[in-house]
Amino acid sequence: MNKTLKRNLLLIAVSLCVLPVAAQLSSNPYKFLGNITTSYNVDAGGGVPQFYKLWNQITCENESKWSSVEGSRGNFNWSGADNAFNYARNHNFTYKFHALVWGAQYPGWLESLSPTERFASMTNWFDHAKDHYKTLPMIDVVNEAVGLHQKGNPLMKETLGGSGKTGYDWLIKAFEMAYERWPDAILIYNDYNSIRWDLNNYITLVQTLRDAGAPIDAYGNQSHEVSNISESELKSALKSQQDALKMPMFITELDIDVANDAQQKSQYQKVLPNMWELPYCAGVTLWGYVLGSTWVGNSGLYRDGEERSAMTWIKEYMQTDAAKNAVGPFPGTKKEASIYIRPASQKVAKGDVLPIMVRARMATKTIEKIDLYEGNNLIDTKTQAPYLFEYSSTSTGTKTLKAVVTTTDGETYERYGRVQVLSGETKRAPYNETLPELPGTIDAGEFDNGLSGVSYNKVSTTVLKSREKFSTVATQEGQWMDYTVDVKEDGLYTMDVEVASTKDGGRFHLAEYSFDNLDFLTDFIDVPNTGSTTEFQKVRCSIKKYLTAGRHIFTMLVDKNVYKDANDDNNPFKEAFYPFYIKSMTFNLLPTYSLPGAVEAEDYVDSKGGAIVATSGGFAWGNAANGDWAEYSVKIDQAGKYSYEATLSANENGSTFNMTLVDSDGNETSLGLVKVPNTVDKDTYQVRTGNISNPFKEGLHTLRINIKKGSCNIDKINFICTEPASGIDNVVIDNDNTGDSYNLSGQKVGTGYKGIVIRNGKKIVIK
């Protein structure tokens with residue numbers, strides 16, 4: 001089909017689909033001219049025209065920010081955001097959610113939490129937003145992260161996993177979390193000073209996200225800094241961005257803070273057309289339009305209900321053919337194609353093979369094929385998912401990749417990325433020819449072979465030269481190491497890590513960089529002070545993802561070291577920090593516990609809150625507080641009535657939890673409330689006993705523990721069958737000692753036992 005004809009037909013079709021209910025300033029079907037709420041209201045009042053008569057896109061200035069919605073932990077107030085969302089829906093124009101992650105306006109209570117608790121709260125925030133807004137057209141996923149210039153950005157960075165492999169893993173994680181919940185939304189990175197003073201840093205950040213395969217769909221220029229920019233500087237900056245990023249762009253917060261009406265109009269005449277008419281510009285949002293009601297003093301377009309000269313000109317400009325006919329990347333502000341180039345690593349040795357996945361998803365169309373190019377050279381073509389390619393280069397340097405998706409109607413969609421080919425002949429490979437098998441143990445020094453930046457980062461030269469002598473690895477912040485392993489059994493696992501440190505405060509976590517996600521396999525693990533660098537202690541944590549059998553590459557990421565006191569002359573280390581040491585990682589397959597029997601509380605298959613803590617004899621589920629829960633896989637071998645013996649501790653009065661059994665059909669059986677004794681110290685445990693009124697039924701179940709009040713540690717719970725349900729009606733006297741016998745608690749007894757026993761489904765009195 002002729003391209004001009006195809007474009008005209010698309011214009012007509014989109015126009016019919018998104019025709020506004022009223023004559024807003026923009027009638028362009030490819031892009032919107034939007035604005036924000038005014039002092040928490042949609043319509044500004046004061047003689048200013050109603051919002052929908054001017055604008056066809058709305059962003060909440062503050063109402064949808066985390067601090068506004070969840071100012072009090074666990075209490076969500078969506079009323080302000082709903083006003084804008086429903087207004088947009090009722091007037092048939094688009095809405096942008098602003099913003100999920102921002103190091104400025106986040107809830108104050110977040111600062112008092114641990115990194116693990118903050119990540120759980122962040123996940124909860126995303127989940128509640130998804131529950132409330134099932135679909136969203138556009139989202140500012142992350143706001144203002146360049147240079148960590150917001151005071152809370154270090155907190156956000158730590159919460160979301162830190163720098164990781166790319167330097168921006170925390171931002172990649174945020175986009176993955178957003179894409180998991182809203183795959184059809186246009187996911188945007190938004191920042192200020194991106195056109196002028198932070199241009200290069202901004203490009204580097206967005207480019208890194210794109211090259212790593214993060215599900216970022218567009219970049220957003222706030223544009224607060226353009227009140228006195230020249231036309232040539234603006235054009236140059238926007239071109240530099242697009243040349244590097246080759247992605248859709250939004251102008252997200254445009255204002256011209258100029259008091260003189262004529263000067264403000266003149267600046268809009270320089271700025272707006274040079275943004276609006278760019279074919280990769282998807283829309284322009286002005287940041288406020290009433291004088292005195294925006295964050296800067298002179299940016300308003302209405303004064304005392306009367307439009308300023310700039311507003312008059314904007315109305316005139318939006319009626320020109322240039323404004324009406326400018327094309328854009330998202331017709332109707334709808335995302336048709338989600339295309340992300342995801343290399344297994346951002347770096348590869350020259351001549352080595354790098355697997356690359358093109359993650360591709362169409363909203364309404366069907367993929368016919370995907371071509372992957374390096375520059376103009378075709379690497380390969382794939383016609384079926386998963387779209388997995390193999391790339392190799394004989395020359396070094398930064399290589400540009402391009403994925404071209406062709407749909408069955410003949411349309412094409414593009415996505416760019418880059419990989420860095422390194423000099424050096426060491427190809428990526430597991431440490432040994434025989435992979436470590438899980439369940440099993442991995443020595444920390446046996447990380448994968450390869451080049452720095454490919455298989456490891458910031459590992460000491462001493463270890464690299466004599467690795468067979470170094471099963472123990474000294475850590476430093478920003479260090480990571482890959483381990484290729486063979487998981488032999490599907491299931492949920494725990495990991496015991498042997499660590500040593502002379503200080504508290506070190507932290508690490510385990511992750512897996514799959515083609516579909518950046519998975520945090522563990523919570524953030526705090527390293528205890530073990531007394532010396534050679535005195536190791538086991539720290540246990542849960543693997544949060546169900547592991548499937550087969551080859552995996554796990555990455556150990558060092559999140560934090562303790563920095564030295566400059567006045568500490570007795571410190572034996574040469575570094576500027578106290579390293580901690582990792583000796584080994586042992587992976588244990590979580591059991592399905594048989595009842596009657598004991599359930600070890602640290603072996604949960606899923607949980608919210610709490611942590612695995614060490615005890616004198618092993619581990620416990622500890623520091624579990626009100627609202628926390630843990631679930632266990634149990635198999636009830638003997639139906640009947642039960643009692644329990646729970647080994648518990650608490651350092652306060654009144655802590656309680658309840659227990660519930662859930663069968664395979666989802667039916668719940670309450671096991672009652674357990675009152676936890678005050679043992680004064682959480683490291684001191686006592687046994688609390690009780691009877692369970694509701695009988696147990698045979699089969700696989702989920703045991704769920706819910707903390708109802710206070711805080712406690714749970715070491716184990718022993719379930720004892722006190723009255724088996726086996727269809728036994730009569731008790732007989734029998735001194736025949738053949739066959740296995742069980743007492744009424746379900747415990748096997750010997751031949752010398754006297755009294756009532758269960759044998760072959762009968763109650764028997766042995767005298």
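When reading the values below, keep in mind they use all heavy atoms of this one structure, side chains included, and skip hydrogens, waters and symmetry mates.
Proximity of the aromatic rings of Y632 and Y593 is defined here by a centroid distance below 6.0 angstrom, and this criterion is not met. You'll find the ring centres of Y189 and Y168 outside the 6.0 Å limit. The ring of Y133 has its center closer than 6.0 angstrom to the ring center of W78. Between H224 and Y192, a ring centre-to-centre spacing not shorter than 6.0 Å is recorded.
Between F587 and F554, the angle of the ring planes lies from 30° to 60°, which puts this pair in the tilted group.
Annotation: side chain of M495 is not in contact with side chain of L521 (no heavy-atom distance under 4.5 Å). F85 has its side chain within reach of L136: a pair of non-hydrogen atoms, C-beta onward, lies under 4.5 Å apart. With a 4.5 Å cut-off on side-chain heavy atoms, S670 and N658 do not count as touching.
Nearest heavy atom pair, residue N561 against residue P579, reads ND2-CA, 3.6 Å.
A salt bridge does not link R540 to E600: none of the charged nitrogens lies less than 4.0 Å from a carboxylate oxygen. Using a 4.0 Å cut-off between a side-chain N of Lys or Arg and a carboxylate O of Asp or Glu, D127 and R181 qualify as a salt bridge. By the 4.0 Å N-to-carboxylate-O rule, E144 lies too far from K65 to be salt-bridged with it. Residues E668 and R704 are not paired through a salt bridge, judged by the lack of any N-O separation under 4.0 Å between the basic side chain and the carboxylate.
Heavy-atom contacts from other residues, nucleotides or ligands closer than 6.0 Å to NZ of K130 number more than 12.
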